[in-house]
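Below: the structure, in structure tokens.
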Number of protein chains: 2
Amino acid sequence: MKTASSLVAIGPVSKRTGCNIETIRYYERVGLLQAPVRSPGGYRLYGNQHLKRLTFVRRARSLGFSIDEVRTLLKLADERKRPCAEVRVVAAAHLGDVRAKIADLRAMERVLDETVAKCANGKQSDCPLIEALYREDSPSIPPSPRRRRKG
Amino acid sequence: MKTASSLVAIGPVSKRTGCNIETIRYYERVGLLQAPVRSPGGYRLYGNQHLKRLTFVRRARSLGFSIDEVRTLLKLADERKRPCAEVRVVAAAHLGDVRAKIADLRAMERVLDETVAKCANGKQSDCPLIEALYREDSPSIPPSPRRRRKG
DNA sequence: GATAAAGCCTGTAGTAACTAGAGACTCAAG
DNA sequence: CTTGAGTCTCTAGTTACTACAGGCTTTATC
């Protein structure tokens with residue numbers, strides 16, 4: 001890792017980037033990373049371009065972009081002269097998702113906060129949270145879990 | 001569903017509770033719901049107690065409790081005379097998780113908001129988000145995705 | 001050079017919480 | 001009786017990893 005042309009095996013890459021060895025192989029398998037050259041013994045050998053790409057993937061994942069969204073971003077970065085308008089569309093949609101998730105979690109937080117506070121006096125024979133969970137028409141709890149994600 | 005002793009098949013239960021048929025069967029399989037009696041033809045027949053229990057499960061799920069946490073809550077509700085202190089421990093831990101997730105999402109939101117705003121002028125040849133993702137030491141992006149969840 | 005431990009490989013399966021068929025049996029209405 | 005809807009079990013898939021198992025390679029030490 002001293003010069004632009006030196007190659008390193010997956011273990012050092014994992015240590016350098018903080019990305020699990022198996023996750024690196026996973027990213028290769030799903031196409032986010034190109035398969036690197038191999039040593040005569042079959043070990044993967046990564047160069048600087050691979051490191052940069054893995055960094056990109058990790059950062060995008062840390063922002064909550066799905067694997068497919070990361071794939072789209074990489075494609076835009078690789079193939080477009082002026083990708084910004086299209087990148088913005090992807091990012092703005094994702095920002096909307098993040099905000100919706102925050103709103104969901106906020107609603108949960110509020111209900112949990114209230115019921116934990118009511119349970120604080122651990123002496124009553126009935127439990128406000130359990131009673132609320134059994135109540136069919138409780139207005140303070142949303143009726144269904146929400147699952148959001150598209151690949 | 002008119003009297004305490006009348007039983008209904010899974011379809012009407014699904015419609016009544018808004019819970020997918022297959023999800024009801026899933027909950028039975030993982031032990032959250034007891035296996036109901038069957039018609040001579042093998043159809044599941046649910047009574048009122050089942051309905052109440054499914055409502056409990058759904059509401060707990062909508063608050064983000066994991067299947068295992070729901071299992072714990074059900075056990076506390078079923079077996080304890082005064083469950084509230086223990087329920088509170090479960091709920092408070094979960095509240096902490098919810099708050100941590102909100103904090104994570106807030107950090108993502110902030111970064112996304114900034115970069116979407118920078119991309120707003122869709123005319124530059126370089127894209128601030130893409131550049132940021134490629135940058136190894138960017139201080140505004142957390143270094144790794146976080147996964148949290150225990151069964 | 002020999003040896004042992006660590007590193008790496010591929011393949012398989014598992015995690016959590018669902019969700020979607022496929023093929024076959026049951027039920028209700030016409 | 002027929003037909004279409006409902007329900008059954010079983011298997012597999014979704015998303016993003018994660019954890020072996022068994023076997024080959026590399027490295028460090030003697």
Side-chain angles (χ1 to χ4, degrees), chain A residues 7-33 35-46 50 54 57-72 94 97 101 104 108 144-151, chain B residues 7-33 35-46 50 54 57-72 94 97 101 104 108 144-151:
Chain A
L7 303 169
V8 289
I10 199 167
V13 171
S14 171
K15 284 193 174 63
R16 167 98 187 247
T17 60
C19 182
N20 198 356
I21 285 176
E22 317 211 356
T23 307
I24 298 172
R25 287 198 285 245
Y26 168 70
Y27 288 153
E28 180 190 318
R29 198 157 62 246
V30 298
L32 293 192
L33 298 182
V37 291
R38 299 290 183 112
S39 73
Y43 283 23
R44 291 170 172 79
L45 299 174
Y46 295 92
H50 273 102
L54 180 56
V57 171
R58 292 306 277 170
R59 292 206 182 290
R61 287 289 303 124
S62 77
L63 289 181
F65 287 105
S66 70
I67 297 287
D68 250 7
E69 282 162 341
V70 176
R71 185 175 284 120
T72 301
H94 178 53
D97 285 347
K101 279 182 199 158
D104 279 351
M108 293 182 205
S144 297
R146 321 198 186 203
R147 277 180 75 83
R148 191 174 284 108
R149 176 103 295 185
K150 51 193 197 243
Chain B
L7 303 169
V8 290
I10 200 167
V13 170
S14 171
K15 284 193 175 64
R16 167 101 186 243
T17 60
C19 184
N20 198 356
I21 286 176
E22 316 212 359
T23 307
I24 298 171
R25 287 200 283 245
Y26 169 70
Y27 289 153
E28 181 190 316
R29 198 157 62 245
V30 300
L32 292 191
L33 297 180
V37 293
R38 299 289 181 111
S39 72
Y43 284 22
R44 292 168 171 76
L45 299 175
Y46 295 91
H50 273 103
L54 181 55
V57 172
R58 294 305 278 167
R59 293 207 180 289
R61 286 288 305 122
S62 76
L63 288 180
F65 287 104
S66 68
I67 297 286
D68 251 6
E69 282 162 340
V70 176
R71 186 175 284 120
T72 301
H94 179 53
D97 286 346
K101 277 182 202 157
D104 280 350
M108 291 183 207
S144 299
R146 324 217 184 184
R147 277 180 75 82
R148 192 175 287 108
R149 178 102 293 189
K150 51 197 196 280

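The figures that follow rest on heavy atoms only: side chains count, while hydrogens, waters and symmetry mates do not. Within every chain, numbering begins at 1; the chains are lettered A, B, ... in the order of the sequence lines, protein sequences first and strands thereafter.
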Please enumerate all residues that pass side chain to side chain contact (heavy atoms under 4.5 Å, CB included) together with A/Y26, with sequence neighbours excluded. A/R29, A/V30, A/I67
Taking only N and O in the side chain of A/R44, is any of them less than 4.0 Å away from OP1 or OP2 of D/dT26? no
For a quick test of reading the model: is some side-chain N or O of A/T23 closer than 4.0 Å to OP1 or OP2 of D/dT18? yes
Tell me: CD1 of B/I24 to P of C/dT19, nearest whole Å? 11 Å
Mind listing the N/O atom pairs, protein and nucleotides 3-7 of chain C, below 3.5 Å?
unit_1	atom_1	unit_2	atom_2	d
C/dG7	N2	A/Y43	OH	2.6
C/dG7	N3	A/Y43	OH	2.7

Against the side chain of B/E22, the closest entry in C/dA20, D/dA19, C/dA17 is C/dA20
Tell me every residue that passes side chain to side chain contact (heavy atoms under 4.5 Å, CB included) with A/R38, counting only those two or more places apart in sequence or in another chain. A/E28, A/R44
For A/N20 and A/P40, take the nucleotide of DNA chain D holding the closest heavy atom to each; which residue's nucleotide lies nearer the 5' end? A/N20
Using the rule given for side chain to side chain contact (heavy atoms under 4.5 Å, CB included), can you reason through B/Y46 versus B/I24, listing the C-alpha separation, both sets of side-chain angles and the distance that settles it, and then say yes or no? CA-CA 11 Å; B/Y46 295 91; B/I24 298 171; 3.5 Å; yes
Can you name the side chain to side chain contact (heavy atoms under 4.5 Å, CB included) partners of A/T23, sequence neighbours left out? A/C19, A/N20, A/Y27, A/R58
Between A/G41 and A/R29, the residue closer to the 5' end of DNA chain C by nearest nucleotide is A/G41
When A/S39 and B/R38 are each assigned the nearest nucleotide of DNA chain D, the 5'-most assignment goes to B/R38
Taken to the nearest whole Å, CG/A/L7 to C1'/D/dT26 is 16 Å
Charged N to carboxylate O under 4.0 angstrom, A/D68 versus A/R71? yes
Please confirm whether the shortest side-chain N or O distance from B/Y27 to OP1 or OP2 of C/dA17 is below 4.0 Å. no
Distance in angstrom units between B/L54 CG and C/dC18 P, rounded: 11 Å
Can you list the residues that meet the salt bridge (charged side-chain N to carboxylate O under 4.0 Å, His left out) rule with B/R25, with sequence neighbours excluded? none
Given D/dT9, is OP1 or OP2 found less than 4.0 Å from the side-chain N or O atoms of B/R25? no
Value in whole Å for how far the C1' atom of D/dC20 lies from CD1 of A/I21: 14 Å
